[in-house]
Amino acid sequence: MLSIKALKANVEDKPILNGLDLEVKPGEVHAIMGPNGSGKSTLAHILAGRDGYEVTGGTVTFKGEDLLALEPEERAHQGVFLAMQYPVELPGINNMVFLREAMNANRIARGEAPIDAVNFMKQVRAKAHLLQLDEKLLKRNVNSGFSGGEKKRNEILQMLMLEPNLAILDETDSGLDIDALRIVAEGVNALRSPERSIILVTHYQRLLDYIKPDFVHVLSAGRIVRSGDKDLALELEEKGYGWLEEETAA
Amino acid sequence: MISQEARRDWFEQLLQQGTTAAAEIDEQAWLSRRRSQARAELGQLPLPTRKSENWRYTLLDGLLGQTFQPSNEAFQALLPEDIDDWLLEDTHAYRIVFANGRFVPGLKSFAELPEGVTIASLQQVLRQQPEMLSIWFGQTANHSQDVFTALNSALMNDGLFVHLARDTILDRPLEVLHLNLSVEQTALIQPCNLLVLEQGARAEIIERYTSTGDSVYFHNGVSEILLEEDASLTHLRVQEESPQSYHLHRSFVSQAAGSHYHSTSVALGAKWARQELQVRFQAENAECQTRGLYLVGKDQFSEQHLDVQHNTPANSSQHLYKGILYGACRAVFDGRILVGQAAQKSEAHLNNHNLLLSREADVVTKPQLEIYADDVQCSHGTTVGQLETEQLYYLRSRGIKLIEAMKMLCSGFAAEIFADMKNEVLRERVQNRLDTILVRALDETSGEKHV
Ligand SMILES: Nc1ncnc2c1ncn2[C@@H]1O[C@H](COP(=O)(O)OP(=O)(O)OP(=O)(O)O)[C@@H](O)[C@H]1O
Ligand SMILES: [Mg+2]
């Protein structure tokens, strides 16, 4: 599904990713952990197509195609979705209108008919209910004045509506209370299927109790320095990242 | 630069041509007095130049370099289906239509009106109830001391007349279509509108100023709005005219105690458009809220001119104007609120925000607040910005195409202007119209790098 090979990228001439390899197959859940500033969000944004990154080496293919050649919206049409670490506020844009526009933009790009209003409402209601997202938030402007946790839930709502093939969740768990974490995890699990892949960027092992990853990777200084199964997350929780960096240096 | 002499000639010539045309109205004593007074004033009033404070930022050479002839044509042959595209309300509203500033009887949508309501053309009222006009006319505009207003008065001919007697509530919105047509090239069109709401009366009025194709004309309009005690007027004004036209319109609002004036103005442009709003509070506890949106594109000039005076205590006024500029154009927001010494307990807020979608767009924003009273709540603010890259990215990452994403952010920016509009059908229509124009505008500018 997703194949990243020796990816190198700069931000403002500063190297952030330094030869990153990652292979994600359909149906797999990969967790990416790693210290602050190691490049996790950078990777996520490069996959989603944000401006301002200079790819200096390597390749990213998604479903066999060069992902980096696509515009952000084209990546979405191909099924890439990024739940952002810091979702932006969109003043004056109603959340429900936004959701419908997004959904229809994807459907039209894929040659499907736009969703009708009744069906759409049904789906939003059901999914908001699943995430225990207050329906009032649907009527407000996108993320405007939402609490940190509400923004994260709103990201997951979008994900559930758009049903991506590859969902990248950048610290969706940060800022969620314990109940919300479980609810959001259930939302993500509801999306799991043999065709869908998920990349979870997280700092906390707790999320992985709810969403069981097939692989856990540690990103440090722009490279994946260690990969393992979910036990690696437990080990990291216990020991921190120091021992890995020492090992890598050695 | 056009010489002072040439400027004077420009007005003189219009005046001469127009005087003959205007003579067709039965001359009422007060009307002919008013016209000749205006004619006399016209010769004396200073001409607008870039040196006068009021015209500092206005590009006038295009207008004064063009010749116009007062429009004489009556468009009696217009059919209801000719105007379908320009209506915002449906059959629900009372509708009245003016073509080149002249009333078109065949397009009036009503035969009867509720007790206490007069909706008519100026000419009709002149014929039937001239005394009604003499009471009200010129109460506010008389004091404007400006050549363009004087030109309008000097050739006063037709326009909209609305009168609501005491405590009358207009049960349906009134839709007024001002249609300017290209049949007669380079016409001078000068509607003269008068809206009077007597004590406790209420109304919602929707005005649309529009034109066909590439008509070349100069619309020099004046509206006087008199709100007596506790009267309440909701006023929507949508201006969308030919890219070759010139549009100057002045609205003079006079508010008595406890009256409300809620205005939403959408200026989608002409070649050159300047809208002026003057508000005067006559007593206490009145409220004035204006919302304005201007969209300005390639080769357009657009100006919003606001002049609000609080000279009596305890009135509240709130003004919010937003502009979206695309292409090589110029927009001016020149707003001034004066809170005089006697105006204690006043509230006044003045804000202007601009969104620039093109590097070639030029905006002048000058919100001014002059305060001479100490116990007041006042604020003003202004911003000039561009679309946020992060917001665009967010939308696009959800699959929304660039142009569509830009359109959404632009309409999001504009949304605040419509937030208080109670007529939802109308709000939706105006916003849809806006979206259509934005998409076209963004498509046009898509060659340029926006962010
Ligand atoms: N636009 C930018 N300009 C300058 N530096 C940047 C920019 N974006 C990212 N960086 C730098 O790149 C590095 C990696 O940032 P990134 O956000 O990818 O880290 P992260 O692994 O997601 O960290 P965290 O766990 O704190 O979210 C950091 O040193 C950051 O300061
Ligand atoms: Mg991060």
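No hydrogens, no waters, no symmetry mates; every other heavy atom, side chains included, goes into these values. Below, read A as the first sequence line, B as the second, and so on, with proteins coming before strands; counting in each chain starts at 1. As the structure is a computational prediction, the values presented were derived from the model and not from experiment.
- Of the listed residues A:N104, A:N141, A:V88, the one with more heavy-atom pairs under 4.5 angstrom with chain B than any other is A:V88.
- Ranked by heavy-atom pairs shorter than 4.5 Å toward chain B, the options A:E74, A:H45, A:M103, A:Q78 are led by A:H45.
- Within the cation-pi definition used here (under 6.0 Å to the ring centroid, within 45° of the axis), B:R237 qualifies as a partner of B:Y209.
- For A:Q158, the part lying near chain B is the side chain, with the backbone staying farther off; criterion is any non-hydrogen pair under 4.5 Å.
- Ion pairing between a basic and an acidic side chain is recognised when a charged N comes within 4.0 Å of a carboxylate O; A:D170 and A:K40 show no such pairing.
- Both the backbone and the side chain of B:E390 come within less than 4.5 Å of a heavy atom in chain A.
- In this structure, the portions of A:L82 lying under 4.5 Å from any heavy atom of chain B include both its backbone and its side chain.
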(request) Determine, stepwise, if the pair A:E73 / B:R398 fulfils salt bridge (charged side-chain N to carboxylate O under 4.0 Å, His left out). (result) CA-CA 6 Å; A:E73 57 268 37; B:R398 272 35 178 167; over 6 Å; no
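- Comment: B:E240 engages B:R433 in a salt bridge, judged by a side-chain N to carboxylate O separation of less than 4.0 angstrom.
- Highest contact tally toward chain B, considering only A:N106, A:L99, A:N94, is held by A:N106 [criterion: heavy-atom pairs under 4.5 Å].
- Neither the backbone nor the side chain of A:A109 comes within contact range of chain B; no heavy atoms are under 4.5 Å apart.
- Ion pairing between a basic and an acidic side chain is recognised when a charged N comes within 4.0 Å of a carboxylate O; B:R208 and B:E241 show no such pairing.
- Cation-pi geometry between B:K322 and B:F413 is satisfied (NZ or CZ under 6.0 Å from the ring centre, within 45° of the ring normal).
- Between chain B and the residues A:E155, A:E89, A:R75, the most heavy-atom pairs under 4.5 angstrom are made by A:E155.
- Contacts of A:P87 with chain B are made by both backbone and side-chain atoms, with heavy-atom separations under 4.5 Å.
- Between A:H30 and A:H217, the distance from one ring center to the other falls under 6.0 angstrom.
- By number of non-hydrogen pairs under 4.5 angstrom with chain A, the leading residue of B:S411, B:S397, B:G399 is B:G399.
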